[in-house]
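Inspection log for the structure reproduced underneath, given as structure tokens.
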Amino acid sequence: MIGDPISGVRNMSKFLVAILLLFFAGSAFADTCGGKLIGYSRIYSNGLTIGQLQLYYNAANGNNCAVLKHASPTWGVSLRTKVDLFTCTDSTCARPANPRDIDTGYYRYEAGPVRIYGKGRCVAAVGTMDYRGVQAGTGIRSCD
């Protein structure tokens with residue numbers, strides 16, 4: 001005997017909903033900065049890569065964007081994570097200037113994105129993570 005057609009439709013509907021949920025959950029972690037990746041730097045702790053700081057530039061609107069993504073041992077683990085993006089007072093970026101955008105909190109996947117207008121200026125991004133009682137960090141500098 002062939003199964004109940006209503007039951008088959010319900011099962012197919014549940015399957016399609018599950019596929020859509022997976023699709024949209026995956027897109028939540030897709031690149032949210034836009035523009036061109038102009039630099040990245042990994043964060044290490046005890047020889048492990050625990051995160052990656054990424055810096056983007058969008059030539060169409062002059063915006064820089066940064067995001068700090070958790071890596072394999074920290075992926076899905078709620079940790080204090082911070083990304084700081086700012087313009088610089090000079091090409092060494094020894095001192096931050098405005099504009100500035102910071103995102104800090106306890107995150108499981110990434111901090112950011114943070115954005116500033118940086119066309120024609122030097123910008124720097126700094127990312128830090130607290131992992132197993134130690135703060136680890138990295139930075140990237142770029143001059144347009």
If you measure from [atom1] on [X] to [atom2] on [Y], what distance do you get to the nearest 0.5 Å?
X: Q54; Y: Y40; atom1: CD; atom2: OH; answer: 9.5 Å
X: F86; Y: R121; atom1: CZ; atom2: CZ; answer: 12.0 Å
X: D103; Y: T81; atom1: CG; atom2: OG1; answer: 9.0 Å
X: C65; Y: R115; atom1: SG; atom2: CZ; answer: 4.0 Å
X: R42; Y: Q52; atom1: CZ; atom2: CD; answer: 5.5 Å

For the student: nearest non-hydrogen atoms of [X] and [Y], plus distance:
X: L53; Y: L68; value: N-CD1, 3.7 Å
X: Y117; Y: N61; value: CE1-O, 3.3 Å
X: Y106; Y: R80; value: CD2-N, 3.5 Å
X: A97; Y: C88; value: CB-C, 4.2 Å
X: G118; Y: V123; value: CA-CG1, 4.1 Å

Please assess K119 against Y57 for the test side-chain contact (heavy atoms from CB on, under 4.5 Å), listing each intermediate value before the final yes or no. CA-CA 9 Å; K119 186 173 185 174; Y57 179 69; 3.6 Å; yes
Side-chain donor-acceptor distances from residues 132-139 under 3.5 Å, at least two apart:
| from | atom 1 | to | atom 2 | distance (Å) |
| --- | --- | --- | --- | --- |
| Q135 | NE2 | D130 | OD1 | 3.4 |
| T138 | OG1 | S41 | OG | 2.5 |

[X] vs [Y] side-chain heavy atoms within contact, under 4.5 Å:
X: L55; Y: S142; result: yes
X: I116; Y: N63; result: no
X: R108; Y: V77; result: no
X: V83; Y: T128; result: no
X: H70; Y: M129; result: yes
X: Y131; Y: L79; result: yes

Those residues that, when tested against R100, pass salt bridge (charged side-chain N to carboxylate O under 4.0 Å, His left out) (two or more places apart): D84
C93 and C122 SG atoms under 2.5 angstrom apart: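 Answer is no, sulfur atoms not closer than 2.5 Å.
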Without swapping roles, check the side chain of D101 against the backbone of V114 for a donor-acceptor pair under 3.5 Å. no
Donor-acceptor pair, distance only, cut-off 3.5 Å: does the side chain of T74 make one with the backbone of I50?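 Flag set: sc T74 to bb I50 pair under 3.5 Å.
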Can you confirm whether more than 12 heavy atoms, excluding those of D90, are under 6.0 Å from its CG atom?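 Result for CG/D90: enclosed.
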Quick check: is I102 connected to V67 through a chain of hydrophobic side chains (ILVMFWY, heavy atoms under 4.5 Å apart)?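 Result: no, two separate clusters.
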